[in-house]
Amino acid sequence: MDRKKVNMINNAQGKIFENQILAACLGYLYDGRACVDKIPEPFGVTKKDYKTGEFSGRFFSHKKAQPDFQGTVTGGRSIVFEAKKTEKNKIALSVLSSNQEKVLERHYRLGAITGVCVCIKDEFYFVPYALWRLCSEQWDRKYFVPEDLREFKVKFNGAVNFLDMVNGKAVENMNIFVKE
């Protein structure tokens with residue numbers, strides 16, 4: 001398959017994954033547990049045709065990519081996380097841009113709940129940024145495999161319930177997601 005087609009497929013799968021996270025965000029908002037929003041991409045409209053509704057736009061290269069989601073959980077603590085999907089058997093640390101890492105690090109140091117919501121094939125995990133940043137030290141490699149993340153597997157019911165681990169723990173009650 002050519003590179004352009006692969007990129008289109010990956011982009012579409014990424015959007016589906018983000019929509020599955022947004023479905024959980026709506027559920028958490030409805031339950032009064034969290035208010036989490038998707039951060040828009042650095043994109044702007046350059047030309048509009050009001051008659052047809054068509055427009056042209058571009059991504060702004062001078063604006064750096066931010067983590068995908070940000071909000072607040074019950075009790076007032078901030079939550080900031082990036083979403084990454086792969087069809088491979090592992091997730092590389094390099095999927096985060098240097099700016100995304102910088103932003104996650106800043107929020108982590110200030111005490112926010114920080115992480116990376118990961119989909120490896122069809123399994124979903126909410127990986128604490130505290131663990132993500134130490135991966136190469138802990139395992140002497142620059143990627144995670146599903147076995148490394150078993151403890152952080154989250155519930156899936158059509159929505160990626162990133163605050164709810166399959167082991168029954170809730171992210172907002174787990175110290176590993178915040179700097180102590």
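- Applying the under-4.5 Å side-chain rule to Ile, Leu, Val, Met, Phe, Trp and Tyr, the cluster around L26 consists of that residue alone.
- Y143 is linked by a side-chain contact (heavy atoms from CB on, under 4.5 Å) to K90, R141, V145, counting only residues two or more places apart in sequence or in another chain.
- For the side-chain contact (heavy atoms from CB on, under 4.5 Å) test, residues two or more places apart in sequence or in another chain that qualify with C135 are L93, W139, F144.
- In terms of hydrophobic clustering, with Ile, Leu, Val, Met, Phe, Trp and Tyr side chains grouped at heavy-atom distances under 4.5 Å, I113 and L110 are assigned to different clusters.
- Contact detail for F124 and C119: the closest heavy-atom pair is CE2-SG, 3.5 Å.
- In this view, A34 and Y28, V36, V73, L163 satisfy the side-chain contact (heavy atoms from CB on, under 4.5 Å) rule, not counting sequence neighbours.
- Shown are K153, K169, K155, R33; of these, the salt bridge (Lys or Arg N to Asp or Glu O under 4.0 Å) with D164 is made only by R33.
- Residue pairs meeting the side chain to side chain donor-acceptor pair (under 3.5 Å) criterion with at least one member in residues 5-19, sequence neighbours excluded, are R3-N7.
- Separation of atoms CG (L96) and NZ (K102) is listed at 13.5 Å; rounding is to 0.5 Å.
- Distance CD/Q70 to OG/S78: 7.0 Å, rounded to 0.5 Å.
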Taking only distance into account, with no hydrogens and no angle test, what donor-acceptor pairs under 3.5 Å do side-chain atoms of residues 125-132 form with protein atoms, sequence neighbours excluded?
{"residue": "Y129", "atom": "OH", "partner": "E101", "partner atom": "O", "Å": "3.4"}
{"residue": "Y129", "atom": "OH", "partner": "E105", "partner atom": "OE1", "Å": "3.1"}

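- Considering OG1 of T74 and CD of E172, their distance stands at 7.0 Å, rounded to 0.5 Å.
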